[in-house]
**Student:** 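One structure coming up, written as structure tokens, with questions to follow.
Computed from a predicted model, the values in this text were never measured in an experiment.
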Amino acid sequence: MRREKLARLQAEGKDPFAVVTYKQTEHSTQIKEAFETYEGKDVSIAGRMMSFRDIGKASFSDLQDRDGRIQVYANADHLGLEDYARFKTYDMGDIIGVEGKVFKTRRGEISVEARKITLLAKALEPLPEKFHGLKDPETRYRRRYLDLVMNREVMDTFRKRTKIISSIRDYLDEREYIEVETPVLSTIASGAAARPFTTKSNALNLHLHLRIATELYLKRCIVGGMERVYDMGKNFRNEGIDIRHNPEFTMIELYQAYADYHDMMELCENLLSNAAMKACGATKVSYQGTELEFAAPWRRLTMIDAVKTYGGPDFSAVKTDEEARELATKLGLTEDLKKKLKDCTKGDILNAAFEKFAEKNLIQPTFIMDYPTDISPLTKQKPGDPTMTERFEAFVYGREIANAYSELNDPIVQLDRFTQQAKERELGDDEAYMFDEDFVSSLEVGMPPTGGMGIGIDRIVMFLTDAYSIRDVILFPTMKPQE
RNA sequence: GGGCCGUUAGCUCAGCUGGCAGAGCAGCAGACUCUUAAUCUGCGGGUCGCAGGUUCGAUGCCUGCACGGCUCACCA
């Protein structure tokens, strides 16, 4: 039916798809928000026809543009019988341009009285139902364009996402950070504990990995003297998919020479509270019914204290790996360990205890400081305690949103850590860090003391847009093909 | 990967104990020059996710598969 209408228009020489441009002078909210200045003035608007209320020789329709909807009043007096009759053949979902005068109807609805209506594109497929909208999650993710047309809060979410990202860029740019682009493809995917995607270069006849982190390249930039750098972009991790994980996700990593992890904590607080202000107009936001306060200062707690605070044992009293293993057995932690108990160090067991006792209780933004050295191969040790490092993770609503360190810059120690990771890989841990020899060479050239941090952008967008699932903040989430 | 749930018209959903496939919106034809989920009259619309099985008869029961959602495990 719609195809026939299109063919008829084309036969009449009125092919909508032949239109190349349209002058749009205003958007819907501009007119609605400043009605007094627009009343009686001519405007030219464009958008999708979302409804059509035909009352004979006049009609009302709702035109939806980027910002929202505005009512269009059309009648035969102003358009002429022929043009009005043609307009009545247009369908819901069609893209039209309307030139006309701004006025208010007797019922008080701000509207545009059409003088000229141009069909700019024909919708051959009907829109979902106007009242119930599009609900099926599968269709919403697979055909996001329909979701955006029908569910305006989705548009709001993605506009907020942009605001959050630009607030972060602005904040760092003001502090003279240099934005760089590090490789997505490389032979070594290191800098995090995750399985990579692999692909193949025909030109080089080489297996390559998609990056799982940007860390090792950004630190090379620090060695080169850039002093403050960041890379915001996609990382790819070949892991499970759920409401918090998508195989490709957006991460910012930033590095600042002559800074440490305390400086990173301040930066983290500032970036997040600034993003909340820019996107939500306040530092306090509601997430899934819980109020979250992003204003600095956030709570700071060592990992050992966190475990103790939330009902776990006091690890400061544990001196040896052997003692820790006994404790793990006593507490029934063995199920939560990633390795066999006999291969676990005190650090592994402390981390497991943290995840079991403390993590889910960290609702308000909290920095957990001082991570075990064994699980932090790129981090500088704490002065006076080689088993612990100057590392923190930031938690909100029980979820990790940031990970930061005083960066390890001693090439000899770094070499040892990579060697240790290689052993773990041989023991079957396919998420152990890949050995990057050139990175160690770069440290031999000399890297200044540096603080670095990674922040999961999708997750902070989730908190600031009250999104339940990561799929709600990624326009086109990873899906299996339908057939 | 395990468990639970879902898949019926373009969309949102009903469909009883197994007995001719339903509604609203959308669409089509008509009426109406201030409607806004417009209203009124009439009409058309289906591979009941796919493949088997049981049965006289399956949208419904059984098995397998596909896709999706939630959840547990893993990870970030």
**Student:** What distance, rounded to whole Å, do you find between the two P atoms, one in B:G45 and one in B:G10?
**Tutor:** 13 Å
**Student:** Please find out if less than 6.0 Å separates the ring center of A:Tyr310 from that of A:Phe357.
**Tutor:** no
**Student:** Could you tell me whether A:Asp54 contacts a base, only the sugar-phosphate backbone, or nothing, with contacts defined as non-hydrogen atoms closer than 4.0 Å?
**Tutor:** base
**Student:** Under 4.0 Å, heavy atoms only, any strand: does A:Asp62 hit a base, just the sugar-phosphate, or nothing?
**Tutor:**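 Nothing, no heavy atom under 4.0 Å.
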**Student:** Of all the choices, B:U33, B:U12, B:C34, which nucleotide is nearest to the side chain of A:Phe103 once you look at every atom?
**Tutor:**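 Out of B:U33, B:U12, B:C34, the nucleotide with an atom closest to A:Phe103's side chain is B:C34.
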**Student:** On the 0 to 90° scale, with breaks at 30° and 60°, tag the A:Tyr90-A:Phe87 ring pair as parallel, tilted or perpendicular.
**Tutor:** perpendicular
**Student:** In whole Å, I'd like the distance from the NE2 atom of A:His78 to the C1' atom of B:C34.
**Tutor:** 13 Å
**Student:** Are the charged groups of A:Asp83 and A:Lys116 less than 4.0 angstrom apart, N to O?
**Tutor:**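 A:Lys116 and A:Asp83: not salt-bridged.
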**Student:** Polar atom pairs between nucleotides 74-76 of chain B and protein, under 3.5 Å, N or O only, would you list them?
**Tutor:**
{"from": "B:C74", "atom 1": "N4", "to": "A:Asp242", "atom 2": "OD2", "distance (Å)": "3.3"}
{"from": "B:C75", "atom 1": "O3'", "to": "A:Ala193", "atom 2": "O", "distance (Å)": "3.4"}
{"from": "B:C75", "atom 1": "O2", "to": "A:His245", "atom 2": "ND1", "distance (Å)": "3.4"}
{"from": "B:C75", "atom 1": "O2", "to": "A:His245", "atom 2": "NE2", "distance (Å)": "2.7"}
{"from": "B:C75", "atom 1": "N3", "to": "A:His245", "atom 2": "ND1", "distance (Å)": "3.4"}
{"from": "B:C75", "atom 1": "N3", "to": "A:His245", "atom 2": "NE2", "distance (Å)": "2.7"}
{"from": "B:A76", "atom 1": "OP1", "to": "A:Ala193", "atom 2": "O", "distance (Å)": "3.0"}
{"from": "B:A76", "atom 1": "O4'", "to": "A:Arg237", "atom 2": "NH1", "distance (Å)": "3.3"}
{"from": "B:A76", "atom 1": "O3'", "to": "A:Glu400", "atom 2": "OE1", "distance (Å)": "2.6"}
{"from": "B:A76", "atom 1": "O2'", "to": "A:His245", "atom 2": "NE2", "distance (Å)": "2.8"}
{"from": "B:A76", "atom 1": "O2'", "to": "A:Arg459", "atom 2": "NH2", "distance (Å)": "3.0"}
{"from": "B:A76", "atom 1": "N6", "to": "A:Asn246", "atom 2": "O", "distance (Å)": "3.2"}
{"from": "B:A76", "atom 1": "N1", "to": "A:Asn246", "atom 2": "O", "distance (Å)": "3.2"}

**Student:** Please report, rounded to the nearest Å, how far the P atom of B:C34 is from the CG atom of A:Asn75.
**Tutor:**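 Going from A:Asn75 (CG) to B:C34 (P), I get 10 Å.
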**Student:** Below 4.0 angstrom from OP1 or OP2 of B:U35, is there any side-chain N or O of A:Arg53?
**Tutor:**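 So the side-chain polar atoms of A:Arg53 never come under 4.0 Å of the phosphate oxygens OP1 or OP2 of B:U35.
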**Student:** With C1' as the reference atom in both, quote the distance from B:A9 to B:G15 in angstrom, rounded to an integer.
**Tutor:**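 That atom pair is separated by 14 Å.
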**Student:** Got a donor-acceptor pair under 3.5 Å from the side chain of A:Asp136 to the base of B:U12?
**Tutor:**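 No.
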**Student:** When rounded to the nearest Å, what value does the distance between P atoms of B:C65 and B:A23 take?
**Tutor:**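 Pairwise P distance, B:C65 against B:A23, rounds to 36 Å.
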**Student:** How is A:Met479 classified with respect to the nucleic acid when contacts are heavy atoms under 4.0 Å: base, sugar-phosphate, or nothing?
**Tutor:**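 Counting heavy atoms under 4.0 Å across all strands, the contact made by A:Met479 is with sugar-phosphate only.
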**Student:** Look at all strands and tell whether A:Gly454 reaches a base, only sugar-phosphate, or nothing, counting heavy atoms closer than 4.0 Å.
**Tutor:**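 No contact at all - A:Gly454 keeps every heavy atom at 4.0 Å or more from the nucleic acid.
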**Student:** I'd like to check the ring-ring contact (aromatic ring centres under 6.0 Å, His included) partners of A:Tyr230; sequence neighbours left out, ordered by chain and number.
**Tutor:** none
**Student:** Regarding A:Asp374 and A:Lys346, does a basic nitrogen lie under 4.0 Å from an acidic carboxylate oxygen?
**Tutor:**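 The answer is no: the pair does not qualify as a salt bridge.
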**Student:** Given that A:Pro128 and A:Ser51 both sit by RNA chain B, which one's nearest nucleotide is further toward the 5' end?
**Tutor:** A:Pro128
**Student:** Detail all sub-3.5 Å separations between protein N/O atoms and N/O atoms belonging to nucleotides 26-29 of chain B.
**Tutor:**
{"from": "B:A26", "atom 1": "OP1", "to": "A:Lys130", "atom 2": "NZ", "distance (Å)": "2.8"}
{"from": "B:C28", "atom 1": "OP1", "to": "A:Lys5", "atom 2": "NZ", "distance (Å)": "2.7"}

**Student:** Scan A:Lys135 against the nucleic acid and name what it touches under 4.0 Å (heavy atoms): base, sugar-phosphate only, or nothing.
**Tutor:** sugar-phosphate
**Student:** Does A:Asp62 pair with A:Lys130 as a salt bridge, N-O distance under 4.0 Å?
**Tutor:**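 Salt bridge absent between A:Asp62 and A:Lys130.
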**Student:** Output yes when A:Lys380 and A:Glu390 qualify as a salt bridge under the 4.0 Å nitrogen-oxygen rule, no when they do not.
**Tutor:** no
**Student:** Round to the nearest Å and state the distance from A:Asp77 atom CG to B:C34 atom P.
**Tutor:** 11 Å
**Student:** When you compare B:C4 with B:C75, how far apart are their P atoms, in angstrom units rounded to a whole number?
**Tutor:**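 The answer is 25 Å between these two P atoms.
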**Student:** Do the charged groups of A:Asp458 and A:Arg161 touch, with an N to O distance under 4.0 Å?
**Tutor:** yes
**Student:** Mind checking A:Tyr468 for me? I need base, sugar-phosphate or nothing, with any heavy atom below 4.0 Å counting as a touch.
**Tutor:**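 Result for A:Tyr468 = sugar-phosphate.
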**Student:** Using a distance-only test with no angle check, is there a side-chain donor-acceptor pair under 3.5 angstrom linking A:Tyr261 and A:Thr389?
**Tutor:** no
**Student:** Other residues, nucleotides and ligands only: do more than 12 of their heavy atoms fall within 6.0 Å of NZ on A:Lys5?
**Tutor:**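 Yes.
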**Student:** Sequence neighbours left out, what passes ring-ring contact (aromatic ring centres under 6.0 Å, His included) with A:Tyr177? Give chain and number order.
**Tutor:** none
**Student:** Which whole-number value in Å describes the distance from A:Arg140 CZ to B:C11 C1'?
**Tutor:** 14 Å
**Student:** Are A:Arg211 and A:Glu253 within salt-bridge range, i.e. N to O under 4.0 Å?
**Tutor:**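 Salt bridge: no.
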**Student:** With distance as the sole criterion, do the side chain of A:Gln71 and the base of B:U35 form a donor-acceptor contact below 3.5 Å?
**Tutor:**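 Answer yes: a donor N or O sits under 3.5 Å from an acceptor.
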**Student:** Could you tell me whether A:Arg143 contacts a base, only the sugar-phosphate backbone, or nothing, with contacts defined as non-hydrogen atoms closer than 4.0 Å?
**Tutor:** nothing
**Student:** Take atom CZ of A:Phe60 and atom C1' of B:C32, then tell me their distance rounded to the nearest Å.
**Tutor:**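 In whole Å, B:C32 C1' and A:Phe60 CZ are 12 Å from each other.
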**Student:** From OH of A:Tyr145 over to P of B:C11, roughly how many Å is that when rounded to an integer?
**Tutor:** 12 Å
**Student:** What integer distance in Å separates A:Phe131:CZ from B:C13:P?
**Tutor:** 13 Å
**Student:** Does A:Arg107 put a side-chain nitrogen or oxygen below 4.0 Å from OP1 or OP2 of B:C34?
**Tutor:** no
**Student:** Aromatic ring centroids of A:Phe354 and A:Phe395 under 6.0 Å?
**Tutor:**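 Yes; A:Phe395 has its ring centre under 6.0 Å from that of A:Phe354.
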**Student:** Can you check the distance between B:C5 and B:C43, where both ends of the measurement are the P atom (answer in whole Å)?
**Tutor:**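 Comparing P positions in B:C5 and B:C43 gives a spacing of 41 Å.
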**Student:** Using a distance-only test with no angle check, is there a side-chain donor-acceptor pair under 3.5 angstrom linking A:Asn274 and A:Asn270?
**Tutor:**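 Absent: no donor and acceptor within the cut-off.
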**Student:** How many whole angstroms separate atom CE of A:Met50 from atom P of B:A38?
**Tutor:** 12 Å
**Student:** Between B:G18 and B:C56, how far apart are the P atoms? Round to whole Å, please.
**Tutor:** 16 Å
**Student:** Identify each atom pair where a protein N or O and an N or O of nucleotides 1-7 of chain B are less than 3.5 Å apart, giving names and distance.
**Tutor:**
none

**Student:** Which dot-bracket notation, 5' to 3', represents the base pairing of RNA chain B when pairs are defined as Watson-Crick or G-U with both distances under 3.5 Å, crossing pairs as [ ], and inter-strand pairs as |?
**Tutor:** (((((((..((((.....[..)))).(((((.......))))).....(((((..]....))))))))))))....
**Student:** Is A:Ile243 touching bases, backbone alone, or none of the nucleic acid, heavy atoms closer than 4.0 Å?
**Tutor:**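 A:Ile243: backbone/sugar contact only, no base atoms under 4.0 Å.
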**Student:** If you go through the side-chain atoms of A:Tyr73, does one of them form a donor-acceptor pair with the base of B:U35 closer than 3.5 Å?
**Tutor:**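 Donor-acceptor pair under 3.5 Å: no.
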**Student:** Between A:Arg300 and A:Glu269, is there a side-chain N and carboxylate O pair less than 4.0 Å apart?
**Tutor:** yes
**Student:** Taking only Lys NZ, Arg NE, NH1 and NH2, and the carboxylate oxygens of Asp or Glu, determine whether A:Glu179 and A:Arg169 approach each other closer than 4.0 Å.
**Tutor:** yes
**Student:** Given the C1' atoms of B:G46 and B:C40, what is the spacing between them in whole Å?
**Tutor:** 28 Å
**Student:** Hey, are A:Arg8 and A:Glu12 close enough for a salt bridge, meaning a charged N less than 4.0 Å from a carboxylate O?
**Tutor:** no
**Student:** Taking atom C1' in both B:C48 and B:U59, compute the distance separating them and give it to the nearest angstrom.
**Tutor:**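 Straight-line distance between the two C1' atoms is 5 Å.
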**Student:** Can you identify which nucleotide, out of B:U36, B:G69, B:C67, has its nearest atom closest to the A:Tyr141 side chain?
**Tutor:**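 That would be B:G69.
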